[in-house]
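Reading through the structure tokens given below for one structure.
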Amino acid sequence: MKRHFFLFLLLLPFYTEGQILNIERSRLQKDTSKVFLFKANAGLNVYNRSAAADDPVNLFGYNVDLNALYYPGKHGYMFISKFDYLKINDSDFLNFGMVHARANFLREEAVNYETFIQYSFDNFRGLDPRWIAGGSVRHSLIKTKKLSFLYGIGGMYEFEKWQVPNEEQFIEVNFFKSSNYISVRATINEYVDFNMVNYYQVGYDRSISGFRHRISNSTILNTKLTEKFAITNTFEISYEDRPIVPITNVIYSFRTGLSLNF
């Protein structure tokens, strides 16, 4: 079992991109000259690689991403979905999924508005499901070709169902939260592009007679090597001061990769 878990740790970076949804990154990937954009990615990994006949290692995994952007005029609409699954022998090591829809009104104005709804699950951590719905006001303080700085202030309703680790007990919570973020994007030079988003959510939970805080960060550094090659570094981290069930309150991921553009 230890060997299987070590194999999972080695493969995990290839199957998941973390659980922090960086909406601003998705906006930055749009081509403003087009009204509709659609992108789909899918991967499958199946193999049997065993050291001994009596100790098989059967791996099955897949990942699917579907993203769509629609900008017909003053308003914009976004759909993002992501599903990751990884199974080693009879153990499900990773089962994460998310569907997110968002509408951005008066998107080109310095002050604009958005509403969103999201469904997600994370069986590896015991979460299934999470529903959120809400909206916010966005204010662009700086918006140039090389630098953008904005913040969003809003609220949302959140419902979660968690399984207590190693038990058959489930806990359901639902409450309203203040949901806020700050986004910075800078083109440092013709080779380096920087994007960082910081989120802060807080809500009063009557079940504990106290506030629950969630802080997360997504930082992306793109380095252009040549006209066709670039290196992308992504770091994501999330902290919850009072998890619903006793699990790790800090999760993070770091990925680096080489991209080829034609």
Side-chain angles (χ1 to χ4, degrees), residues 12 15-26 63-65 78-87 91-104 113-138 151-183 197-218 235-253:
L12 181 59
Y15 283 92
T16 180
E17 294 189 358
Q19 300 171 37
I20 303 170
L21 181 58
N22 188 337
I23 291 296
E24 297 308 309
R25 175 176 59 183
S26 299
N63 62 283
V64 177
D65 296 349
M78 183 183 303
F79 175 82
I80 300 172
S81 66
K82 181 176 182 62
F83 298 92
D84 289 309
Y85 180 76
L86 176 62
K87 180 178 181 180
S91 300
D92 294 335
F93 279 101
L94 178 67
N95 189 8
F96 169 76
M98 177 271 298
V99 177
H100 183 98
R102 180 171 297 236
N104 187 193
Y113 313 90
E114 60 186 359
T115 59
F116 57 86
I117 185 171
Q118 177 178 313
Y119 163 75
S120 62
F121 61 89
D122 187 353
N123 294 131
F124 185 66
R125 304 185 80 219
L127 173 63
D128 189 7
R130 169 185 283 154
W131 283 97
I132 62 173
S136 63
V137 178
R138 292 162 47 90
Y151 66 89
I153 299 177
M156 70 180 191
Y157 172 79
E158 182 176 62
F159 170 83
E160 296 181 337
K161 182 178 180 180
W162 291 85
Q163 181 177 5
V164 178
N166 304 316
E167 297 183 16
E168 293 300 321
Q169 179 184 358
F170 293 86
I171 298 177
E172 295 184 2
V173 296
N174 61 91
F175 44 91
F176 290 93
K177 286 185 173 182
S178 172
S179 179
N180 315 284
Y181 59 88
I182 295 176
S183 172
V197 185
N198 296 286
Y199 299 87
Y200 172 64
Q201 298 171 350
V202 59
Y204 183 80
D205 188 352
R206 290 169 295 179
S207 65
I208 62 171
S209 299
F211 288 92
R212 296 186 186 272
H213 303 266
R214 179 185 298 151
I215 303 172
S216 59
N217 169 274
S218 177
F235 178 73
E236 296 177 337
I237 186 169
S238 179
Y239 166 77
E240 294 191 51
D241 67 330
R242 293 182 175 183
I244 305 300
V245 295
I247 56 175
T248 302
N249 59 359
V250 178
I251 56 175
Y252 64 88
S253 67

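- Applying the ring-ring contact (aromatic ring centres under 6.0 Å, His included) test to Phe170 and every residue at least two apart in sequence or in another chain returns nothing.
- Shown here are the side-chain hydrogen bond (donor to acceptor under 3.5 Å, both in side chains) partners of Asp241, two or more places apart in sequence or in another chain: there are none.
- For Glu167, the side chain to side chain contact (heavy atoms under 4.5 Å, CB included) partners two or more places apart in sequence, or in a different chain, are Val164, Gln169.
- To the nearest 0.5 angstrom, Tyr113 atom OH is 11.0 Å from Ser136 atom OG.
- Judged as a side chain to side chain contact (heavy atoms under 4.5 Å, CB included), and not counting sequence neighbours, the contacts of Pro129 are Tyr119, Trp131, Phe159, Lys161.
- Every residue meeting the side-chain hydrogen bond (donor to acceptor under 3.5 Å, both in side chains) condition with Tyr151, not counting sequence neighbours, appears here in chain and number order: His139.
- Side-chain contact between Met78 and Phe116 is absent, with no heavy-atom pair separated by less than 4.5 Å.
- In this view, Tyr157 and Phe176 satisfy the ring-ring contact (aromatic ring centres under 6.0 Å, His included) rule, not counting sequence neighbours.
- Remark: Asp84 CG to Leu86 CG distance equals 9.0 Å, nearest 0.5 Å.
- A donor-acceptor pair under 3.5 Å is formed between the side chain of Arg212 and the backbone N or O of Arg242.
- Among residues two or more places apart in sequence or in another chain, the side-chain hydrogen bond (donor to acceptor under 3.5 Å, both in side chains) test is passed with Asn198 by Asn217.
- Counting only heavy atoms from C-beta outward, the side chains of Asn104 and Arg102 never approach each other to under 4.5 Å.
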Check step by step if side chain to side chain contact (heavy atoms under 4.5 Å, CB included) holds for Ile153 and Val137.
CA-CA 5 Å; Ile153 299 177; Val137 178; 5.5 Å; no
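- Rounded to the nearest 0.5 angstrom, Met98 CE and Ile80 CD1 are separated by 6.0 Å.
- Two residues are said to be in side-chain contact when any heavy atoms from C-beta on lie closer than 4.5 Å; Asn249 and Tyr239 meet this criterion.
- Taking the side-chain hydrogen bond (donor to acceptor under 3.5 Å, both in side chains) definition, one finds that Ser120 meets it with nothing, sequence neighbours left out.
- Scanning for side chain to side chain contact (heavy atoms under 4.5 Å, CB included) contacts around Val173 gives Glu160, Ile171, Phe175, Asp205, Ile244, with sequence neighbours left out.
- In this structure, the side chain of Arg214 does not engage the main chain of Tyr199 through any donor-acceptor pair within 3.5 Å.
- Atom CD1 of residue Ile215 and atom CD of residue Glu240 lie 10.5 Å apart, to the nearest 0.5 angstrom.
- Ser81 pairs by the side chain to side chain contact (heavy atoms under 4.5 Å, CB included) definition with Leu66, Phe79, Phe83, Val99, not counting sequence neighbours.
- Note that CD1 of Ile247 is 8.0 Å distant from CG of Leu127, once rounded to the nearest 0.5 Å.
- Under the rule for a salt bridge (charged side-chain N to carboxylate O under 4.0 Å, His left out), the partners of Lys177 that lie at least two apart in sequence or sit in another chain are Glu158.
- Legend: residues meeting ring-ring contact (aromatic ring centres under 6.0 Å, His included) with Phe211, ordered by chain and number and at least two apart, are Tyr204.
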